[in-house]
Amino acid sequence: MEDISHILDPLNPAQREAVTADTGNRLVLAGAGSGKTRVLVHRIAWLLQVQDVRPWHVLAVTFTNKAAREMKGRIEEMLDEPIGGMWVGTFHGLAHRFLRAHWQDAGLPQHFQILDSDDQFRLIKRILKALELDESRWPPRQAQGFINSHKDEGRRPPHIDAAGDFFLEQQLRIYRAYQEACEKAGSIDFAELLLRAHELLRDRPDILHHYRERFAHILVDEFQDTNAIQYAWLRLLAGDRDNLFLVGDDDQSIYGWRGARVENIQSFQRDYPNTQIVRLEQNYRSTSNILGAANALIANNPSRLGKNLWTEDSAGEPIRRYAAFNEIDEARFVVERIRRASQDEGMARSDCAILYRTTAQSRLFEEALIQAGLPYRVYGGQRFFERAEIKDALAYLRLVANPSDETAFERIVNLPPRAIGPRTLDLLRTQARADGSTLWEAARVAVSQPLLPARATGALRGFLELIEGLAASAEAEQELPDLVAEVLEASGLPAHFEKNKDGRGIERLENLEQLVEATRRFAAEVPNDEGDILGSFLAHAALEAGDAQADGFEDSVQLMTLHSAKGLEFPLVFITGVEEGLFPHSMSATDPNRLEEERRLCYVGMTRAKRLLYLTHAESRRLHGREDYAMPSRFLREVPAELIEEVRGGGVSRPHGGRAASGFGAMGFGARRSGTGSKAGAATVDAGGGFQLGQRVRHPKFGPGVVLNAEGHGSGARIQINFESAGAKWLVLEYARLEPADAYQGNGE
DNA sequence: ACCAGGCGTCTTTTT
DNA sequence: GACGCCTGGT
């Protein structure tokens, strides 16, 4: 045995226990900042270097490609050698690999394509049209959600019992038609990757046996984010080998809305009673004030496994709270604090993070940062392979690779416009449906018969020949970047974008050039083993949508949603828009489970902070074009008052009047601010009719509530009340028999 | 093919 | 308020 001090020395006792555990299932409950990734990386190093496990016997599953890359990098760094043969990747990536290897056994065409969410959405829209369902009654989003959530739970149409329910019957009909269309086109959506791979393993003992032998050690990161089918997969793959090493934190489960099941943690303990649990509760990231605040907040969630994070760190600074006048004031305040930290206190700009609940909030911060001359980087947003022009170009490549790809066909058959209009397409679709053939085949038939006007026939023939010519080029074994350049040029897309005059033309051309660049990088990195490099590249584009924005050289302030902040840490963190309706978001406020998830999201946000945490909220905010008065979030109340210090202006001159005061003037809705002092949040603004915004009232039918908003005047005056039982309602002031209830108590501090 | 204007929507995001 | 999408007109 070689020297193992580099594996064990950096670990605390709990971490060491997890890393050196012998065989048997392990569940590592790893609190925020407790060294979760370190444990995984060191565990793998332990297996390889101490237990003499061969790399190809290890399977490490992560939530994102980025996490996989980082983990791989850290393992290699630690071992000081490449980890050939080890699988480190996502569930989807692994499923994809299974299906490529066993396409025949899985009943797939060899060159099946992956549909991303956007492709899927478009396909569903076409299905709805074909089924003659009205989109306003049957929203494609809803159908997409229906299909995906059932697939995530492992359910195919026969497993779903509509039981005479008209709505379910229709959704099921859409699901079936969609599935049929996918089969015909040889397309697979993300959920289908997992489902197919699961069925393959389930139904083919020989294949399952092979992978069980191969993956003698299975490690899973972010286990709380796995969905039902992924968990089923793990059980199948592990069998009774007791070789699962799962790491997760129920308090950081924030993806329930897309099928993740925190309950998998409990299920795991039930399904594998011999599981040993290791808790990592020492936090190495935050001050004890920050940690205490986060602990107190999350303690409000009734359904949690329970865990108490602690730190040896000092109390540190109190948590700062700022009640902004409005969203503009909030942005100005945050940016001013960052300016001070970076310019006066020598902090790196990249040490400062602005977090928000919704992407729409980023704009004001960006404007304020530009004004202050501070460079910044926004995470998230549209990603490279999701851009429309990139997807257009990829559609050409997809059609070249597989002419049955209906999604690709529909997308580009008339892009750039080549006189193949809706009439022609309708005919092709009808024809294809009647013959059970693909659009491509229908088009071939159509050009050989006098079905269409000569003009349309000619245009269609031109398109078919274009794609066939390119397919021939693709066959002729040329370098991928050259092929892509050729396809692009022949497609006419660059010329089409160039003459587009909405100012985005140049940007699109640049993106197309970057696509060629991306294929060059891809070709250089991927050894052209299988030969089908085009297919590999297309799969890569679908599975890994790429970064939205390249890492700049410049030291910049970090802007992102709370969701994308998971896994990161910053010395200085601002959580903004901490208001009822925004955070927790109004769409999650009614369902207790979703509310708990919002709280976990807040917990995730707070635990990102190492030294200093600001919580800001605005007393008035412009949202969806309306000016709304917002109450401070309940989350603020859930943080012990003694850990919070109220901040005022902070050198920022406060606006006078401002927009909040306007608009209501005619009704006497002038804003009389109470200041940000002791009663922050109790915006005492006359809402007319003798009621004030934020005031508690009682309605004979709806019971108690709080005045949220008011508008209009005279007999048209309406008032919005957030009722405890009935939720937010607009009432006509004249008829609403409202009476004042006990006075609003601010936020309880 | 292209444009104007109406309409509905507006949480989070990876794969 | 902004954006995308659809529709109906030219």
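As a basis for the values below, the full set of heavy atoms in this structure was taken, side chains included, without hydrogen atoms, waters or symmetry mates. The sequence lines fix the lettering, A, B, ..., with proteins before strands; numbering per chain opens at 1.
The phosphate of B:dT12 has OP1 or OP2 within less than 4.0 Å of a side-chain N or O from A:Thr359. Between B:dT14 and A:Thr90, no contact under 4.0 Å exists linking OP1 or OP2 to a side-chain N or O. Applying the 4.0 Å criterion to OP1 and OP2 of B:dT15, one finds that A:Asn65 has a side-chain N or O inside that range.
For B:dT9, its base never sits under 3.5 Å from the side chain of A:Arg141 at any donor and acceptor pair. A:Arg258 contributes no side-chain N or O that forms a donor-acceptor pair with the base of B:dT15 under 3.5 Å. The base of B:dT15 lies close enough to the side chain of A:Ser117 for a donor and an acceptor atom to sit less than 3.5 Å apart.
The side-chain hydrogen bond (donor to acceptor under 3.5 Å, both in side chains) check on A:Gln252 picks up A:Asp249, A:Arg608, with sequence neighbours excluded. Applying the side-chain hydrogen bond (donor to acceptor under 3.5 Å, both in side chains) test to A:Arg141 and every residue at least two apart in sequence or in another chain returns A:Gln144.
Rounded to a whole Å, the CD atom of A:Glu386 is 9 Å from the P atom of B:dT15. Distance A:His563 NE2 to B:dT12 P: 9 Å, rounded to the nearest Å. Distance CZ (A:Phe98) to P (B:dT15): 19 Å, rounded to an integer number of Å. For the pair A:Asp119 CG and B:dT15 P, the interatomic distance rounds to 16 Å; values are reported in whole Å. One can place CZ of A:Phe63 at 8 Å from P of B:dT15, the figure rounded to the nearest angstrom. Rounding to whole angstrom units, CD1 of residue A:Ile254 and C1' of B:dT14 are separated by 12 Å. To the nearest angstrom, P of B:dT15 lies 12 Å from CD of A:Glu222. Atom CD in A:Glu70 sits about 15 Å away from atom C1' in B:dT14, given to the nearest Å.
Across all strands, A:Ala542 comes closer than 4.0 Å to no nucleic acid atom at all (heavy-atom distances). Heavy atoms of A:Lys125 sit under 4.0 angstrom from primed sugar atoms or phosphate atoms, though from no base atom. Among the atoms of the strands shown, base atoms are found under 4.0 Å from some heavy atom of A:Arg594.
A donor-acceptor pair shorter than 3.5 Å cannot be found between the side chains of A:Thr576 and A:Glu330.
By the 5.5 Å and 30° criteria, A:Trp257 is stacked with the base of B:dT12. Stacking is found between A:His585 and the pyrimidine-like six-membered ring of the B:dT11 base under the 5.5 Å centre-distance and 30° plane-angle cut-offs.
Nearer the 5' end of DNA chain B, as judged by each residue's closest nucleotide, is the contact made by A:Arg418, out of A:Leu543 and A:Arg418. Each of A:Glu597 and A:Thr64 was matched to the nucleotide of DNA chain B holding its nearest heavy atom; the match closer to the 5' end belongs to A:Glu597.
Between A:Trp233 and A:Phe98, the ring-plane angle classifies as parallel under the 30° and 60° cut-offs.
Considering CD of A:Gln230 and CG of A:Leu194, their distance stands at 5.5 Å, rounded to 0.5 Å. To the nearest 0.5 angstrom, A:Ser117 atom OG is 9.5 Å from A:Arg258 atom CZ.
The backbone N or O of A:Ala228 lies less than 3.5 Å from no partner atom in the side chain of A:Glu153, so there is not a single donor-acceptor pair. A:Asn65 contributes a side-chain N or O that, together with a main-chain N or O of A:Leu543, makes up a donor-acceptor pair within less than 3.5 Å.
A nucleotide of DNA chain C counts as in contact with chain A when one of its atoms lies under 4.0 Å from a heavy atom; the first and last such, 5' to 3', are C:dG1 to C:dC6.
If you check B:dT15, B:dT11, B:dT13 against the side chain of A:Ser588, the one that comes closest is B:dT11.
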